[in-house]
Amino acid sequence: MRASQFHLATTKETPSEAEIVSHQLMLRAGLVRRLSSGLYNLMPLGLRVVRKIEAIVREEMNRAGGIELLMPAVQPAEIWQESARWEKYGPELLRMQDRHGRDFCMGPTHEEVITDIARKELRSYKQLPINFYQIQTKFRDEIRPRFGVMRSREFIMKDAYSFHTTEASLLETFDDMHNAYCEIFNRIGLEYRPVEADSGSIGGAKSREFHVLADSGEDALAYSTGDEFAANVEKAAAVAQGTRGEASSDMAVVPTPGVHTIDELSKALNVDAKQCAKTLLVEGTESPVVALVLRGDHQLNAIKAEHLEQVASPLTFASAEAIQSVANCDAGSIGPVGLTIPVIADADAANMSNFVCGANKNDQHITGVNWLRDLPEPVIADIRNVVEGDASPTGKGEIKIVRGIEVGHIFQLGTTYSEAMKATILDENGKSQDMHMGCYGIGITRVAAAAIEQNHDDKGIIWPESIAPFTAVISPINMVKSDAVKAAAEKLYQQLKDANVDVLLDDRPLRPGVMFAEMELIGIPHRFVVSEKLLAENQLEYKGRSDSEATLINIEEAVQKITAK
RNA sequence: CGGGGAUUGGCGCAGUCUGGUAGCGCAUCUGCUUUGGGAGCAGAGGGUCGUAGGUUCGAAUCCUACAUUCCCGACCA
């Protein structure tokens, strides 16, 4: 490609709408342009990146036995009503009507459509297992789109769906997909980590997320220093440390004017946050309000909490009025002592002794509180986030936390959809049975953003070679004036093209500094500089995007410099 | 939806407090010079100041409503 025939549009200044580095660089390098909130144009340069990611994903999916098809982006309401998700999915599902007043939605995912295909196409166990996939545009009416294509409303996703006669067969494909995903992210060249995850609203037994590691990631991941354990913090089980100590001090009410938070409490009474109990009132299922008790230095894990049968889902904090009626005080002074509602304590909170908590009276706390002696034994459950230094739930090593960007997610769906939509098959005995399902997604556009998030410097993007919009660029110095430079640049351009290198010839009449800065911003992995001075020595300058220094090479070595890798 | 910003040529911003008819940088166009790190000089084009009301002799500036957008929280590839 010749730069003069392409559309490059970079900016020196960072658009004010972009907050995180990948979004800033995607805009500055001219990869994407915003059309509206959560809607982005993929500009020619950005599309090149996306196509390369798609190609890798497609190859590995095919290698793993996937069969590509393409389903419509617009879906009829009927199938969503069958799966009951027309009601359940909520406002994230963009609904619309056609001219006849029939309901449709923009597909946020395709379980319903694929299950409809399966029930029509698949009759015999002999046809299974089978794994269909597509690479397609999805629409989710996100509450808050943000970070450019990282969380946009319309985005490109690879979604695969597998069908099985048995759970064992599903497990096998699940593992195959796990391996295929590892292969995909290895090939792209990203630092990533598969982790155990909560399966969320899609449902199903087991699920695993693939995260690209980056400090700006929206998810916290816990892993063990002792073994392979890794899980999303949402999911990672917290292990209680130690056992409950002796009840050695007496209960005493102390005045604590103006103290509302654990932080203020520990300062006011000069006690460690670990000695304080945090009591949160949330809406319950059996009783209107339920108390959740955590150690002061721990954070509530909403997902774990709403999995408890006593707790309403989604997790909702009790209103100020409800708190008043249950505890006779404001939110900052609640404590578990004397409450007549169900009390659920985190395992670590249940291990506390002689602790400090709210007195259920404004501006007062109680010290020296002990379970069993001063209040009934609580229901014990794991409702907190793991923190660094916790023991690993596997018993080996301790927990460390890193941040990640979720780029892939694989689920075992089981028979949820096939039951609801009557997707059955005849087994060996001629008996009808529900198909087992798995589903497997990769956010293609998000991978591009995550790659930038992980690979950039102050000059711009540093693409992994596998997904760079161009593999190499030729930057001729003052080509307009020098026929020798022009000839040499054209010759190298032809040679690289012949060698199947995705090369860009910067034939624009620009000053060198502008060309260099622009190509570094765009992040092209290899650069060749052709200049009159160097040609006299039969040389070129080569610089890898992440190299600190350029090197001089003989002209003949140029092609090999790239193809040898 | 709750909270907090923002909206002024294509982009980044100043001007708003204290009302007097819009300015800077980048980008664009023309000419000349320059050609190894986003160049210099000279000139040019481009804005009903988000929208609609209101106050005023007069509104980018004050008031009201709305819209759009970004950030923080609950959703997710």
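Order of the sequence lines fixes the chain letters, A, B, ..., with proteins taken first and strands second; residue numbering starts at 1 for each chain.
When each of A39(B), A77(B), C70(B) is scored by its nearest atom to the side-chain atoms of Lys12(A), the top-ranked nucleotide is A39(B). If you check A77(B), G36(B), C1(B) against the side chain of Ile143(A), the one that comes closest is C1(B).
Remark: G2(B) base-pairs with C72(B). Criterion, Watson-Crick or G-U wobble with two distances under 3.5 Å. Base pairing analysis places C62(B) opposite G54(B); the two distances defining the Watson-Crick or G-U wobble pair are each below 3.5 Å. Nucleotide A67(B) has U7(B) as its partner under the Watson-Crick or G-U criteria, with both atom distances under 3.5 Å. A27(B): no Watson-Crick or G-U partner with both key distances under 3.5 Å is found in any strand. Remark: A14(B) base-pairs with no nucleotide; criterion is Watson-Crick or G-U wobble with both hydrogen-bond distances under 3.5 Å.
Nucleic acid contact for Ser37(A): sugar-phosphate only, since backbone atoms but no base atoms lie under 4.0 Å from a heavy atom of the residue. Contacts of Leu315(A) with the nucleic acid, taken as non-hydrogen atoms under 4.0 Å apart, are absent.
Taking 3.5 Å as the limit, the base of C75(B) and the side chain of Arg151(A) contain a donor-acceptor pair of atoms between them. With hydrogens and angles ignored, a donor-acceptor pair closer than 3.5 Å exists between the side chain of Arg511(A) and the base of U34(B).
Between Arg403(A) and Asp215(A), none of the side-chain N atoms (NZ, or NE/NH1/NH2) sits under 4.0 Å from a carboxylate O, so this pair counts as no salt bridge.
By the 5.5 angstrom centroid cut-off and the 30-degree plane limit, Phe155(A) is classified as stacked against the base of A77(B).
Surrounding NZ of Lys486(A) are at most 12 heavy atoms belonging to other residues, nucleotides or ligands under 6.0 Å away.
The side chain of Ser16(A) contributes an N or O atom lying less than 4.0 Å from OP1 or OP2 of G12(B).
Atom CG of Leu27(A) and atom P of C26(B) are 22 Å apart (whole Å). Atom CZ in Arg28(A) sits about 13 Å away from atom P in G12(B), given to the nearest Å. Here the P atom of nucleotide C11(B) and the CD atom of Glu13(A) are 12 Å apart, to the nearest Å.
A cation-pi arrangement, defined by a distance under 6.0 Å to the six-membered ring centre and an angle within 45 degrees of its axis, is present between Arg527(A) and Phe516(A).
Under a 3.5 Å cut-off, the side chain of Asn41(A) and the backbone N or O of Met43(A) do not form any donor-acceptor pair.
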